[in-house]
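Treat the numbers as computed from the prediction; the structure is a model and nothing was measured.
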Amino acid sequence: MVGVVAGIESYRADFPILSHEVNGKALAYLDSASSAQKPEVVIKAYKSIYENNYANIHRGLYHFSQVTTEKYESVRKTVKRFINAPSADEVIFTRNTTEAINLVASSWGQKFLSAGDEIIISGMEHHANIVPWQLLAEKIGLVIKVIPVLDDGTLDFEGFKALLSSKTKFIGLVHVSNALGTVNDVKSIINEAKDFYSDIKVLVDGSQSVVHSSVDIQDIGCDFFCFTGHKVYGPNGVGVLWAKAEILDEMPPYQGGGDMIETVSFEQGTTFKSGAAKFEAGTPAIAEVIALGAALDYMSAIGMENIAVHEAGLLKVLNEGLQSVEGLNIYGTAANKVGVVSFTADWAHASDIAMILDQCGVAVRTGHHCCMPLMERFGIDATVRASLGLYSNENDIEALVSGLKKAKEMLS
């Protein structure tokens, strides 16, 4: 297999769902950018909590509560290692990336941004890193500036520099485009911003980066970093927000309730816990967090560098296969990209193509991929998106290419 790490193919057997057939065909799952499938070790970790030692965490002095609390809190250390965070105490568990960004906008943004302040985001952001800032802008009078996207699907760095001004207070940037696969040079953008004005805060959406290669947030130099569990072979309903300790200390609570308080009094008001605990109100997603830890350990055991090489080899095979199908238009041709490829066809709409692919056992995504401004930039309303995971192989790509040729015959 071209460019693929020897032995990584064996990990496909760890994913029970991939042994299923769809419409009598072997499943070719090429929608990992939307949500990755789960290995047996994650499924077992999730199930084990409910079968063996489920209890609410932090408050119980009995055995099950203490065991589950220890497992839950150990995942902060797992996340710390996985993204090279300075401290596990800076790791907040959220429902997903969307909630993480909303937390930053509602807590840090409402406290530290004022009317007339400018924030910069890019033209390839997921809606989760657009809408919260639009809501905040409407509420307090912010100005949102947008980094242009070039024809090859990269960000216009010179255009970004031109957006910086004395009023720039915040930058929100996707690390890897979920629609194009482009790997943005966030480190260079952050360095440029911090050199311009050191107090500019930068949030990096790592939902599509942490699953494909190693991420070192200290090297990147961001102030906030977030990702979601279900894209890293973990469960739904859990995500991560990391923020620098000094920033967390200054941020007000995002939600109020149990487990984030120190004291509550009708007469004297409420005092809150410090650090990440201040932002985790109520009973959390206990089993989901523990299963997320199992997913991160699973990827680390394989080796993020091995996953990256494996997927890079498959991306080459995928691009070659798509080029053999007449009438396809590929969006996002950056030299530095991950295994996410979006395309349209001159001969049919994306939705019609996807329905035929489904009959061939091939699962792909269609639509705007929660990136409507990006679709508008390229003058289209939807693409077919094929995305790779560590379990993907050449058979999946062959099934996709064969299905596309069949769709062309039927729809042309």
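- Side-chain rings of Phe170 and Trp108 approach one another, their centers coming within less than 6.0 Å.
- Residue Arg385 holds its CZ atom at 5.5 Å from CG of Asn178, rounded to the nearest 0.5 Å.
- Side-chain contact between Leu400 and Leu322 is present, with at least one heavy-atom pair separated by less than 4.5 Å.
- For Ser300, there are no side chain to side chain donor-acceptor pair (under 3.5 Å) partners two or more places apart in sequence or in a different chain.
- Taking both residues in full, the closest heavy atoms of Cys371 and His127 are given as N-NE2, 3.4 Å, listed atom of the first, atom of the second, then distance.
- Taking the six-membered ring where the residue is Trp, the centroids of Tyr11 and Phe15 are separated by 6.0 Å or more.
- Scanning both residues, Thr228 and Ser207, for their nearest heavy atoms gives N-OG, 4.1 Å.
- Taking the ring centroids of Tyr391 and Tyr233, they lie under the 6.0 Å cut-off.
- No side-chain heavy atom of Val174 sits less than 4.5 Å from a side-chain heavy atom of Gln208.
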Requested in this report: Could you check Lys139 against Gln110 for side-chain hydrogen bond (donor to acceptor under 3.5 Å, both in side chains), going step by step and ending with a plain yes or no?
Outcome: CA-CA 9 Å; Lys139 185 173 183 178; Gln110 290 203 55; 3.0 Å; yes

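- Annotation: the span from Ile83 atom CD1 to Asp216 atom CG amounts to 9.5 Å, rounded to 0.5 Å.
- Contact of the Val215 side chain with the Phe225 side chain is registered, since non-hydrogen atoms from C-beta on lie closer than 4.5 Å.
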Query raised in the report: Going through the distances and angles, do Lys273 and Glu262 end up as a salt bridge (charged side-chain N to carboxylate O under 4.0 Å, His left out)?
Result: CA-CA 5 Å; Lys273 291 181 179 178; Glu262 286 288 358; over 6 Å; no

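- At a threshold of 4.5 Å between non-hydrogen side-chain atoms, the residues Leu142 and Leu113 count as touching.
- Going from atom OG of Ser213 over to atom CD of Glu311 covers 8.5 Å, rounded to the nearest 0.5 Å.
- Taking the six-membered ring where the residue is Trp, Phe160 and Phe157 present tilted rings, their angle falling between 30° and 60°.
- Contact of the Asn236 side chain with the Ser35 side chain is registered, since non-hydrogen atoms from C-beta on lie closer than 4.5 Å.
- The side-chain hydrogen bond (donor to acceptor under 3.5 Å, both in side chains) pairs that include a residue from residues 20-30 number zero, where partners must be two or more places apart or lie in different chains.
- Between Asp185 and Lys187, some side-chain heavy-atom pair lies under the 4.5 Å cut-off.
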Report task. Decide yes or no on side chain to side chain contact (heavy atoms under 4.5 Å, CB included) for Ile356 and Leu411, but give the supporting numbers first. Result -> CA-CA 10 Å; Ile356 293 176; Leu411 300 172; 3.7 Å; yes

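- Of all heavy-atom pairs spanning Gly403 and Cys360, the tightest one is CA-SG, 4.0 Å.
- For His126 (side chain) and Ala128 (main-chain N/O), a donor-acceptor pair under 3.5 Å exists by modelled atom type.
- Judged by distance alone, the side chains of Ser122 and Glu125 do bring a donor and an acceptor atom under 3.5 Å apart.
- Rounding to the nearest 0.5 Å places CG of Leu241 at 10.5 Å from CD of Glu90.
- Not one N or O on the side chain of Ser402 forms a donor-acceptor pair closer than 3.5 Å with the backbone of Ala399.
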Requested in this report: Quick one: do Asn102 and Ser106 satisfy side-chain hydrogen bond (donor to acceptor under 3.5 Å, both in side chains)? Show the steps, please.
Outcome: CA-CA 6 Å; Asn102 275 274; Ser106 296; 5.2 Å; no

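- Rounding to the nearest 0.5 Å places CG of Asn329 at 8.5 Å from CD1 of Ile380.
- In this structure, Ser107 contributes its side chain and Tyr254 its backbone to no donor-acceptor pair below 3.5 Å.
- With hydrogens and angles ignored, the 3.5 Å screen pairs no side-chain donor or acceptor of Gln37 with any backbone N or O of Ser32.
- Considering only heavy atoms from C-beta on, Ile220 comes within 4.5 Å of Ile190 through its side chain.
- With Arg76 contributing its side chain and Val91 its backbone, the two residues share a donor-acceptor pair below 3.5 Å.
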Requested in this report: Might you work through the salt bridge (charged side-chain N to carboxylate O under 4.0 Å, His left out) test for Lys194 and Asp223, ending with a clear yes or no?
Outcome: CA-CA 11 Å; Lys194 298 287 187 178; Asp223 301 288; 2.8 Å; yes

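- Looking at Lys278, its side chain does come within 3.5 Å of a backbone N or O of Met251 through a donor-acceptor pair.
- At least one side-chain heavy atom of Asp396 sits under 4.5 Å from a side-chain heavy atom of Arg12.
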Query raised in the report: Are Phe378 and Leu180 close enough, and set up right, to give a side chain to side chain contact (heavy atoms under 4.5 Å, CB included), and what steps lead you there?
Result: CA-CA 11 Å; Phe378 286 106; Leu180 305 177; 4.2 Å; yes

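- The CH2 atom of Trp242 sits 12.0 Å away from atom NZ of Lys80, with the distance rounded to the nearest 0.5 Å.
- Residue Pro252 comes nearest to Lys111 through the heavy atom pair CD-CD, 3.7 Å, listed as atom of the first residue, atom of the second, then distance.
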Query raised in the report: Please walk me through it: do Phe93 and Tyr72 pass ring-ring contact (aromatic ring centres under 6.0 Å, His included)?
Result: CA-CA 10 Å; Phe93 293 121; Tyr72 179 94; 5.4 Å; yes

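- When atom types are taken as modelled, the side chain of Thr168 and the backbone of Ser165 share a donor-acceptor pair closer than 3.5 angstrom.
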Requested in this report: Begin with the C-alpha distance, continue with both residues' side-chain angles, and end with the deciding distance and a verdict on side chain to side chain contact (heavy atoms under 4.5 Å, CB included) for Ile144 and Ile121.
Outcome: CA-CA 7 Å; Ile144 298 176; Ile121 58 178; 4.0 Å; yes

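- Listed here is the closest heavy atom pair of Leu292 and Gly229: CD1-CA, 3.8 Å.
- Among all heavy-atom pairs drawn from Leu374 and Ala179, the shortest one is CD2-CB, 3.8 Å.
- His368 contributes no side-chain N or O that, together with a main-chain N or O of Ala382, makes up a donor-acceptor pair within less than 3.5 Å.
- With Asn56 as the partner, the side-chain hydrogen bond (donor to acceptor under 3.5 Å, both in side chains) test is satisfied by one option alone out of Asp259, Thr69, Thr283: Thr283.
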Query raised in the report: Should Asp117 and Lys167 be marked as a salt bridge (charged side-chain N to carboxylate O under 4.0 Å, His left out) after you check the CA-CA gap, both sets of side-chain angles, and the distance that decides it?
Result: CA-CA 5 Å; Asp117 286 345; Lys167 295 182 179 180; over 6 Å; no

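- Not a single donor-acceptor pair under 3.5 Å links the side chain of Lys337 to the backbone N or O of Gly181.
- Panel note: side chain Arg377, backbone Val149; a donor-acceptor pair is recorded below 3.5 Å.
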Query raised in the report: Passes side chain to side chain contact (heavy atoms under 4.5 Å, CB included), Leu248 versus Phe279? Steps please.
Result: CA-CA 9 Å; Leu248 288 178; Phe279 301 95; 3.7 Å; yes

Requested in this report: Begin from the C-alpha positions of Glu158 and Lys161 and carry the test salt bridge (charged side-chain N to carboxylate O under 4.0 Å, His left out) through to its verdict.
Outcome: CA-CA 5 Å; Glu158 294 302 315; Lys161 290 195 292 185; 3.2 Å; yes

